[in-house]
Amino acid sequence: MKKNPLTKLLTQKRVIQLLNDYVNVLGHAVDIFDDKGNRLYGNGCSNNACSQQVTLGKDTLGYIQCDVDCQYIQSLVIYLLEREIEKRELTSETLDTYKELTLVYDITQDLSASLTLTEVANLVVRYARKVIVSTAASLMLYYPELERLEIIGASGKDYSPKINIKPGLGIAGHVFQSGKAEIVNNVYLDTRFIPGQPPIHSMICAPLKTKEKIFGVINISNEQRYEYTARDLKLLNTLALQAARAIENAKLYLDLKESEKKFRGLFENAFEGIFQFKPMSDFLNSGSFLSVNPSLAKMLGFSSPSDMVAYYFDYINHHQIAPFFCNDLLQVLSQQKHIRWQETQLHRKDGTAFWASVSVRGVFNANQEILYYEGTIVDITEMKNFQEELKKAKEYAETANEAKTRFLTNVSHELRTPMNGIMGMTQLLLQTSLNPEQVEYTSTINLSSDLLLSLINNILDLAKIESDQLTLDIADFTISKILTEIKGIMSVLARQKGLGLSFHQKDMLDIDVRGDISRIKQIFMNLIENAIKFSEKGDILVYTEIESQDETSVYLKNTIVDHGPGIPQEKIEILFKPFSQIDSSITRKYGGLGLGLIISKSLVEIMGGKIGVESTLGQGSQFWFTIQLDKSDSIPATLDSCSQEIHYTQNKKKSFRVLIVEDNIVNQKLALKIVTKLGCSADAVDNGKQAVDILTKNIYDIILMDIQMPEMDGIEATKLIRQDNPAIVLTPKIPIVAVTAHALKVDRDQCLAAGMNDYVVKPINQQKIEEVIYQWAK
């Protein structure tokens with residue numbers, strides 16, 4: 001009878017020695033039996049956890065038993081036996097592979113339950129000493145914030161865990177920096193070795209690394225001389241890889257715990273109310289809070305989050321639940337996915353209401369089915385109350401500002417009415433035969449009137465600025481021409497004080513632009529007048545240059561230089577504030593209310609520019625401003641504009657019949673005198689009703705209409721005249737020019753909307769009246 005190959009194999013000493021090596025490495029009991037149940041190897045397992053057959057082709061030769069259920073052990077032992085049976089020698093490489101696989105399996109099982117870095121480190125060093133001959137082992141982790149490696153796990157004889165090194169220093173530091181494992185069988189011959197505890201002679205060091213990162217190193221050492229081999233290095237690298245993965249997982253776990261802790265802290269301590277809410281799915285399941293934080297519970301009048309969650313159904317039944325939990329808002333959420341900062345009134349547990357800002361978003365699954373809603377609630381009651389107070393304060397301020405504007409407008413109107421008589425009569429008086437002394441007195445009255453009118457205009461401009469009614473009247477003009485006109489006007493004032501005034505143009509300024517001519521002149525004249533006022537000697541210099549330009553715009557920079565006393569740096573910031581002067585002594589010496597600069601600043605900013613000043617005490621000041629002007633795209637004068645000029649010239653040769661509608665007797669007399677001096681005839685009435693009555697009987701060429709009059713004002717009278725009803729007036733299309741002390745743009749717009757042709761602001765003079773009569777009379 002042929003002998004069982006398995007039985008024959010296990011009589012060979014070489015095979016028995018190989019099996020003994022395996023069993024020693026495994027650390028587990030192994031029994032081998034033939035097909036009849038006879039034990040061929042082993043001493044008997046105390047716990048036969050598993051059994052597996054040994055086969056040759058289709059024949060069963062026996063079976064193997066082991067005290068642990070380990071597929072790796074069974075497979076490797078059977079592989080050994082079957083290969084030997086087939087006369088194939090088991091190589092040392094197979095043994096190393098087996099040992100490596102066993103190590104990977106065992107440490108993976110143990111590391112899977114290790115969550116902290118310390119647990120991982122201590123487990124790894126114990127395994128390292130189990131599979132590799134050593135007297136000590138340590139695991140060092142790199143801490144970027146400390147820039148060094150520190151031991152977090154150690155095992156072995158007289159080991160001190162206090163050693164730490166920097167990357168690149170010592171053998172371990174070099175391995176960490178290079179990322180390559182090393183064997184050093186005599187550390188005393190290695191210049192990198194740093195003596196320390198415990199005393200060692202031989203060592204292996206491997207980096208703890210994954211594909212993305214190096215976390216630290218693991219050291220295996222022996223206090224006696226020991227020849228570590230490539231096999232040991234391979235096992236340590238295998239161990240290091242598993243350790244690196246475990247450390248990476250432990251770090252992720254720690255980060256997760258830390259994030260959870262931070263989130264929990266934010267959730268628990270947030271001032272805002274935070275919630276997760278499961279919506280209603282059917283009639284019986286009306287929804288519920290998944291979680292709420294303490295702030296929300298307190299906000300809604302509950303003692304704790306759990307109290308609020310438990311009370312929820314009763315809360316719904318009392319219709320006190322927040323509106324965004326209602327079906328209509330849930331429907332909005334299902335379409336819009338979220339609601340942000342919606343202000344609404346909520347109710348507390350006791351029924352009291354408060355204002356809240358609510359933000360909610362839906363959380364959906366992969367099928368876009370709603371899982372739950374989450375969001376925040378902020379109590380904004382105080383903010384709403386504050387907003388209401390601000391609203392009332394704003395309304396009060398606007399009312400006060402409107403009242404101030406109305407007051408300034410009325411003051412302007414009431415001042416312009418007598419000023420019209422004073423200035424008009426003075427100008428007429430200057431046209432009569434006067435002796436030199438009378439001319440001097442009358443001229444002084446005229447100059448004082450001009451100064452007073454300038455002050456009135458400044459106050460009115462300030463009122464327009466504060467009420468946002470300051471607008472620009474845009475027209476085409478040439479820059480150089482405007483500068484020439486300004487120089488002509490201001491040179492007279494400079495000569496009166498013995499000063500020179502010169503203009504310097506750094507660029508060719510003979511270009512046509514569009515802007516408000518009168519306002520640009522006003523800025524120049526305000527700044528030049530200030531320079532003249534504060535200078536006692538020298539010349540006033542005006543520099544104008546094109547700062548930049550493009551296809552559509554020109555950016556003009558203008559600088560006015562004086563040789564006055566200069567301005568202290570700490571006082572410059574108040575220059576552009578209303579009613580501000582540097583100090584009271586200057587106010588007394590030079591006069592003025594300090595309105596010119598604030599008005600100029602506002603005009604400059606409306607024109608898209610800036611204004612500023614540079615000054616040196618004792619040497620003078622340089623005021624500069626920039627403005628943006630559109631390039632003119634106008635074409636040469638049209639036939640219509642030419643015909644208007646011809647019409648004006650021809651009218652100067654005619655005598656027109658003028659109706660003056662004015663309730664103030666002095667202004668009525670002034671208008672009559674001016675009109676008759678132009679060679680025209682005129683009638684005067686006291687109000688709009690009388691004007692309408694006289695137009696039913698007489699025909700006039702033009703009407704000069706006051707606005708504010710008793711019985712019927714100029715606006716109402718104009719509307720009646722424009723009804724084109726012969727029963728009311730004979731000439732409904734007669735030119736009507738408003739002559740009024742109302743000087744705001746809104747007044748001008750109101751006059752033109754009523755049907756008037758033009759608008760003249762008092763005080764009037766002969767030139768103004770002449771212009772409107774010859775322009776409009778027919």
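- Distance check: Trp355 CH2 to Thr381 OG1 gives 9.5 Å after rounding to the nearest 0.5 Å.
- More than 12 non-hydrogen atoms from other residues, nucleotides or ligands lie less than 6.0 angstrom from CZ of Arg39.
- Ring planes of Phe193 and Tyr188: perpendicular class, angle over 60° (limits at 30 and 60°).
- For Asn38 (side chain) and Asp34 (main-chain N/O), no donor-acceptor pair under 3.5 Å exists by modelled atom type.
- Checking Ser221 against Asn219 by side-chain atom types alone, no donor-acceptor pair falls below 3.5 Å.
- The backbone N or O of Tyr226 lies less than 3.5 Å from a partner atom in the side chain of Ser202, making a donor-acceptor pair.
- Side-chain polar atoms of Thr229 and Asp232 form a donor-acceptor pair below 3.5 angstrom.
- Put simply, the side chain of Lys166 does not reach to within 4.5 Å of the side chain of Gln177, judged on heavy atoms.
- In this structure the side chain of Ile200 never reaches within 4.5 angstrom of the side chain of Asn222, judged on heavy atoms.
- By the 6.0 Å contact criterion, NZ on Lys298 is open, its count of non-hydrogen atoms from other residues, nucleotides or ligands being 12 or less.
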**Prompt:** Could you walk me through whether Glu182 and Lys180 pass the salt bridge (Lys or Arg N to Asp or Glu O under 4.0 Å) check?
**Reply:** CA-CA 7 Å; Glu182 289 193 35; Lys180 296 180 180 180; over 6 Å; no
**Request:** Show your reasoning for whether side chain to side chain donor-acceptor pair (under 3.5 Å) applies to Gln276 and Ser291.
**Result:** CA-CA 5 Å; Gln276 289 180 323; Ser291 64; 3.2 Å; yes
